[in-house]
Amino acid sequence: MLNKKENNLERSWVEIDLDAFRSNLKALKTFLKSEQGFIQVVKADAYGHGAWEITQAALKEGATALGVANLEEGKLLRIEGCKAPILILSPSLIDEIPGILEYKLIPTVNELSFAQALVSFCAKQKVKCPISLKFDSGMHRSGALEKDFAELWSYCQNAAELEVKSVFSHFASSESDPEFSKMQEERFKQVLKKNKVQAEWIHIANSSALINDLGSSGNLCRLGILSYGVYTHPSQKEKIELKPVMTFKSTVILIKDIPKGATVGYNQTWKAHRKTRYAVIPVGYADGYDFLLSNKGKVLIAGKLCPVIGKVSMDMICVDITDAPEIQYGTEVILLGNGHNDIRVENLVSLYNGSSYELLCQVGRRAKRYYYEKGRLVTAAPLSRRDFVSSDYPNSKLNQIIQSAIAQRINSEEMSELIFREILRVFFYNQDRDIRYRKDFRHHILFIESSDKDYWKAETTLSFSKTLQRDFFLVACANSDKALKEYFKRNEVEYRWLMDGNFQLNPSAFQLSSVKVNDIELETRINFKSEAMEIRCSHPALKNLIGQEVRYEINTLTLYPKSSHQLSVFITELTHGVQISFSYPETLKQIECVPFFAGQNKYPKITTSKNIITVTTKPEEWVFPQSGVVFAY
Ligand SMILES: *Cc1c(COP(=O)(O)O)cnc(C)c1O
């Protein structure tokens, strides 16, 4: 039994038992021939179980590759960080080809015209695409018919732009019709032999086929429904023990008593034959509890099976609890999955001649999921089950999301750690250009003796990559904290310096020795304000670089009071990868370096060698604004 999750405030939720999933896979693996591996099928968000989490568990069990239904599903896995081979099992649109290549997915090729479109796109891009050829051995859905297969194989085999990595077929009724299935497999074998087909992966079996001793000719099997713990035929129970992975739960929200003869629900389809007590459960067909379970379904409450009475509504059902007086407001309800044979998915769908595959998908689309491993809650997936693909969102919306994610992180460490990782990775994987952030930020400060004994001569070099927003930017040198603050608010300012109060604001005390964007030396123009010196850096060539990622390099020359005994360097923008270094003269001993970093890692690496201290984060680490370092001397 799984632990109950702590907070029971939700109307309904799904628990995913990853141990059950892995135990199902282990059981299925015992049916594999010694040279066989498996593809984990995770289409439709892993049959409603969550493609990312299922993928992780399947890879731990040794999955060779993953099977998805379309580009979007494959893309999402890639964005989430999946590196394993991903096959798109269904036919793809020609318009999806660029995305398929970009996300390194393996499309199924069913016919010549798609193969040709793929070749012409690959030729333009000068890339090679691995493909999966599908043969229609008798199911008569997708795949190439025998009469077309030879031509398709020979075209793909000979195209320099394609690599036939996989050849497969699919059974129509592997769970229930061994004769037809054997005929299909025979046809598949024949077509492979006749065309001397060679490919790294040959496969025909789905999960039901595997345990029915079909598909042993291939070197992979594609495991779906059985791995999720759902039998597709009663005879399978003797061969293998499968545990339901998904359990759909809710709580009793209302209890009522009605007299004999009263009816329940829309259209009065259920009539009390005795004085009846019933419970209202806040789950309906909008949550995936199928309408066809009206007057048929059963739910498990406090260990008792309670029949659904009346029609399933959009977001409520009523169940008869007359015989279970101990049920109260808030008692947990198991709608589907583990706990009793009658609420296993396959048994519920048998009540209305439905499909287990469909019921899993429709429940999985909406419910929040809690994942359990070794009986412990390990992770939860968000309420909104709509797949998040960042390119579906306008930039302004993305910015909003990222801002609130950062705010969240600051308030609640644990929760937002999750959000932070996911969101940043998702956004930046797609290289959204509108989110302003700096990459590979390097700031080097060098102190040397100057002619004035009270001052160090300070040379600073700042460089970073960032999307160019406009054809100019400002460097500001202010002589008061207040004036400096103003410059932190303006995003056309790329560098700010606080001038020592003893100096006049003039170019001899603060000088831009060189300012470059992508090696273009910029022109500088000074604009004197009462409390600051603004230096406008521009070049006509910058116009053409707007919107592109460019490398900034800003070199300054200035004086720094020895009496200050400290120097601070600030990170003013969201930054990806930081290196700050301070070189000091021999005469300065005992430099202390105190980083104050907010972001993924609060403790950057500090290295000290002769007269130089360097503070570094890993290149892939995010550092938040308001971070920085103080060097004290
Ligand atoms: C969905 C699918 C599978 C998985 O089948 P199960 O019956 O769930 O094991 C295998 N192959 C293809 C091509 C599929 O589309």
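Each ligand, and each atom within it, is numbered from 1 in the order the structure gives.
Counted by atom type alone, S227 and Q40 present one or more donor-acceptor pairs between their side chains at under 3.5 Å. Side-chain atoms of Q56 and Y371 form no donor-acceptor pair, as typed in the model, at a separation below 3.5 Å. In this model, no donor atom of one side chain and acceptor atom of the other lie less than 3.5 Å apart for S208 and H233.
Atom numbering of ligand 1 starts at 1 in the shown order; those under 4.0 Å from a heavy atom of I225 are 6 (P), 7 (O), 8 (O), 9 (O). Which parts of ligand 1 touch Y47 is read off a 4.0 Å heavy-atom cut-off, strictly below it: atoms 1 (C), 4 (C), 5 (O), 6 (P), 8 (O).
Polar contact check, R222 against ligand 1: a nitrogen or oxygen pair lies under 3.5 Å apart. Remark: ligand 1 and G224 share an N or O pair separated by less than 3.5 Å (distance only, no angle test).
Protein heavy atom nearest atom 15 (O) of ligand 1, with residue, atom name and distance: K43 NZ, 2.5 Å. When only non-hydrogen protein atoms are considered, atom 9 (O) of ligand 1 lies nearest to S207 OG, 2.4 Å. What sits closest to atom 7 (O) of ligand 1 on the protein, heavy atoms only, is Y357 OH, 2.6 Å. The protein atom (non-hydrogen) at minimum distance from atom 5 (O) of ligand 1 is N206 CB, 3.4 Å.
Each of L336, N338, I334, L335 was compared with K249 under the side-chain contact (heavy atoms from CB on, under 4.5 Å) criterion, and only I334 meets it.
A distance of 12.0 Å separates CG in L377 from CD1 in I16, rounded to the nearest 0.5 Å.
Ring-centre distance between F21 and Y228: below the 6.0 Å cut-off.
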